[in-house]
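Written out below as structure tokens is the structure these notes cover.
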2 protein chains.
Amino acid sequence: MVGLKDVARDTGLSIRTVSRVMTGKGAVSERALAKVMESATRLGYRPNRAARSLKLNQSYEVTVILSGIDELFMEKVYFMEKALRESGYWVSLLMAESGAESSNDIPAIIEEALDRRPAAIVIRGGIEREIAKIEDSGIPYLLIDSMYSYDSVNINRSQGVYDAVKYLHSTGRRKIAYAGMGEPENQANMSRLPGYIKAINELRLFPEMLSGNTVLSAEQFENGRYVAHQIDLERSPDAIIAYSDFMAMGLLAGFYDRKIRVPDQIAVVGFDDRPAASRSAPPLTTVRQPNKEVGLKAAEIILKKIAGEAAPEGGWTCALPTTLVVRETS
Amino acid sequence: MVGLKDVARDTGLSIRTVSRVMTGKGAVSERALAKVMESATRLGYRPNRAARSLKLNQSYEVTVILSGIDELFMEKVYFMEKALRESGYWVSLLMAESGAESSNDIPAIIEEALDRRPAAIVIRGGIEREIAKIEDSGIPYLLIDSMYSYDSVNINRSQGVYDAVKYLHSTGRRKIAYAGMGEPENQANMSRLPGYIKAINELRLFPEMLSGNTVLSAEQFENGRYVAHQIDLERSPDAIIAYSDFMAMGLLAGFYDRKIRVPDQIAVVGFDDRPAASRSAPPLTTVRQPNKEVGLKAAEIILKKIAGEAAPEGGWTCALPTTLVVRETS
DNA sequence: TTGTAGGCGTTATCAG
DNA sequence: CTGATAACGCCTACAA
């Protein structure tokens, strides 16, 4: 592998001068610069990152901890990786068991992440229980899609649901229910409910909370189907806003089973806008997560934290806006 | 950060002895070993990988190049990462544009991957056009899901389709068609067709090739729906094996549009067994990709290539078996 | 069984 | 503007 030394020998200049050219720090004569550049490209010089890391005592690695596989989160990672790469950082992956929120896999994964001494650690919301350990380590970290009050990039789910209610009302629906996962008061529901309540109040409607079978709450699709089967046709709502696209698709399946027509008899709105949402029958009206914006914002904050920039009041945190995607279930 | 030196000072031993304990190479007295271990854990010693990499002149990074986001591929990466981690390697990510097979993004991404001098490079099949450059670099590489003859871990798609035909026949179907993407002779179809033809011949049936609208071939779901709409009800097949789950779900949607009942009037079998396959209406019978086995096998080969083990005759390559998952569309 | 010393490729200090 | 030279933390001949 060709290093500084080789370029130095080739140009007849000193290592120091070649280094100055490469880092762009320090004054170098026109002539030397041209010579070094030519030689470096001709020889195919590639800086040794290990040596640089050692010397500078800093890593260029941002470790992302994944729990399970989620297309939406990967989309966020996609934009984040791209942005971080442009700033010279690498993204490395640490994959925990699927549904690891409650897994004992997580402490070990966090230990591993710390051992690697990355420049920063990114964690998907839902597994933040152990975050204190990371905070203590001093390594910059960032949560994505968290519901807790650590440094994080979030989505304004409440606003998404608010918009959905307002939209459904504008199309003539008057009995608009919210179908959540498990207990109404759990974190996931709580991040959506304020928007629902607010919109319902503003429109002087009555709130209705549909709750899935808590035993089944691990499977969103089944939960949605379950809710669809439970609904009383006589006094049923004329619109349902679901906790997620998966749940909404379960509702669709349940209504299909019962030959209830969507959207004629009842409208269904999902949440997330997963790729699958456009392929359901009928294609799902849903609230789109701003994946690109989240990824970019995450990269921005990570870079600032690495650079040691002081956190704004209340810490690094933001809630990015969603957009409503109207398809054929409403 | 606490290093070898700190532990040495703390124990009163030399750096060399501490190092011997840490690497496990070389004889150390019981007493020294115990002392070092105690001190190391108490002080929280963490080896500096940059220094080690520099000294040993080797990286512990396996770079995975992703083009777009695919749940199935991520599942493979999940198992691969886990296995590689157990051998002390990290997985880092390089994300190319979605659908980058034909994108000019790829050469730049490959350059970037090479610049990082990873211990190995893993690429998803479909973007192997530039693989020669990697092969020349001498960095161990591995393709996954490739259809070309580089070192790769593959899936025996042909066998999957063969099994599907045999199964459909066993349930009484006699007019079993294959619905592919674009031109029948393209690579993706060619990896499946031999199994179809073989089974059809063995059963003394007649082959029937349904071809999607090539213009639409980029969108599998739409392509499937298109095929479903084209089918002549009079002389239609009584079973269709689709190129992919997405296409199969498009078929389902198309038959739903035309009020053709699945599986009563026609059976549909997908390929991949994506998570979505179990959530379609009706749930899809499909050919499951062996994601775990692929990930594990990939890690195994990568490790061997890194270790410099000689390739078996014909290079590192294998085709892992699929399994048929029977649900409700057949 | 243990220790000394040199070097991996970079960056950065300090003299020229 | 340029060039010796000393680290960075780890590994490993070679000595003791």
Side-chain angles (χ1 to χ4, degrees), chain A residues 1-41 43-61 88-90 114-119 139 307, chain B residues 1-40 43-61 88-90 114-119 139:
Chain A
M1 284 292 107
V2 23
L4 249 24
K5 196 157 51 176
D6 305 277
V7 178
R9 195 173 28 231
D10 182 66
T11 53
L13 294 161
S14 77
I15 289 186
R16 183 65 184 94
T17 302
V18 178
S19 168
R20 259 188 293 255
V21 172
M22 288 329 195
T23 58
K25 296 186 167 187
V28 183
S29 69
E30 285 281 324
R31 236 173 60 79
L33 186 136
K35 224 160 139 186
V36 168
M37 290 303 273
E38 185 278 329
S39 174
T41 51
L43 265 42
Y45 167 74
R46 294 192 162 150
N48 183 320
R49 293 185 78 116
R52 182 178 287 174
S53 272
L54 176 59
K55 181 61 191 171
L56 264 25
N57 188 30
Q58 59 174 306
S59 142
Y60 291 90
E61 198 97 30
Y89 287 85
W90 303 12
L114 258 22
D115 273 351
R116 295 184 177 187
R117 305 204 210 171
I139 296 177
Chain B
M1 286 291 108
V2 24
L4 250 24
K5 196 157 51 174
D6 305 278
V7 178
R9 193 174 29 229
D10 182 66
T11 54
L13 294 162
S14 76
I15 289 186
R16 181 68 185 92
T17 304
V18 178
S19 168
R20 260 190 292 258
V21 171
M22 286 331 196
T23 58
K25 298 187 166 186
V28 184
S29 70
E30 285 281 324
R31 235 174 59 77
L33 186 135
K35 224 161 139 185
V36 168
M37 291 302 274
E38 186 278 327
S39 174
L43 265 40
Y45 167 75
R46 294 191 162 150
N48 183 320
R49 293 186 78 115
R52 181 179 288 173
S53 272
L54 176 59
K55 178 63 192 172
L56 265 27
N57 189 30
Q58 61 173 306
S59 145
Y60 292 90
E61 198 97 29
Y89 287 85
W90 302 12
L114 258 21
D115 273 350
R116 294 183 178 188
R117 305 202 211 174
I139 296 176

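So that the names make sense, note that chain A is the first sequence line, chain B the second, and so on, each numbered from 1.
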Could you go step by step and tell me if A:Val36 and A:Ser39 meet the side-chain contact (heavy atoms from CB on, under 4.5 Å) rule?
-> CA-CA 5 Å; A:Val36 168; A:Ser39 174; 5.8 Å; no
Would you say a side-chain N or O of A:Tyr45 is under 4.0 Å from OP1 or OP2 of C:dT10?
-> yes
What contact category does [X] fall into here, base, sugar-phosphate, or nothing, at under 4.0 angstrom with non-hydrogen atoms?
X: A:Asn48; value: sugar-phosphate
X: B:Arg49; value: nothing
X: B:Ala32; value: sugar-phosphate

Measure the [atom1]-[atom2] distance between [X] and [Y] for me, rounded to the nearest 0.5 Å.
X: A:Lys5; Y: A:Asp10; atom1: NZ; atom2: CG; result: 14.5 Å
X: A:Arg116; Y: B:Arg46; atom1: CZ; atom2: CZ; result: 12.5 Å
X: A:Glu61; Y: B:Trp90; atom1: CD; atom2: CH2; result: 4.5 Å
X: B:Arg52; Y: B:Leu54; atom1: CZ; atom2: CG; result: 12.5 Å

Using a cut-off of under 3.5 Å, enumerate the N/O to N/O pairs linking the protein to nucleotides 12-16 of chain C.
{"from": "C:dA12", "atom 1": "N7", "to": "A:Arg16", "atom 2": "NE", "distance (Å)": "3.0"}
{"from": "C:dT13", "atom 1": "O4", "to": "A:Arg16", "atom 2": "NE", "distance (Å)": "3.0"}

Please report the shortest heavy-atom distance between [X] and [Y], naming the atom on each side.
X: A:Ser19; Y: A:Leu4; result: CB-CD2, 4.2 Å
X: B:Tyr60; Y: B:Ser53; result: CD1-OG, 3.9 Å
X: B:Ala32; Y: B:Thr17; result: CB-CG2, 4.3 Å
X: A:Ser59; Y: A:Arg117; result: CB-O, 3.4 Å
X: A:Leu114; Y: A:Pro118; result: O-CD, 4.4 Å

Answer yes or no: does atom CE of B:Met22 have more than 12 heavy-atom neighbours from other residues, nucleotides or ligands under 6.0 Å?
-> yes
Nucleotide interval of DNA chain D bounded by contacts with chain A (heavy-atom cut-off, under 4.0 Å) = D:dC1 to D:dG9
Would you mind reading off the distance between A:Leu54 atom CG and C:dT11 atom C1', rounded to a whole angstrom?
-> 10 Å
Between atom CD in B:Gln58 and atom C1' in C:dG9, what is the gap in whole Å?
-> 16 Å
Can you name the residues that form a salt bridge (Lys or Arg N to Asp or Glu O under 4.0 Å) with B:Arg20, not counting sequence neighbours?
-> none
Who are the salt bridge (Lys or Arg N to Asp or Glu O under 4.0 Å) partners of B:Arg9, not counting sequence neighbours?
-> B:Asp6
If we fit an axis to the first five pairs and another to the last five of the helix from C:dT1-D:dA16 to C:dG16-D:dC1, what angle do they make, to the nearest 10°?
-> 40°
Residues from residues 1-8 of chain A sitting under 4.0 Å of DNA chain C, heavy atoms only?
-> A:Gly3, A:Leu4
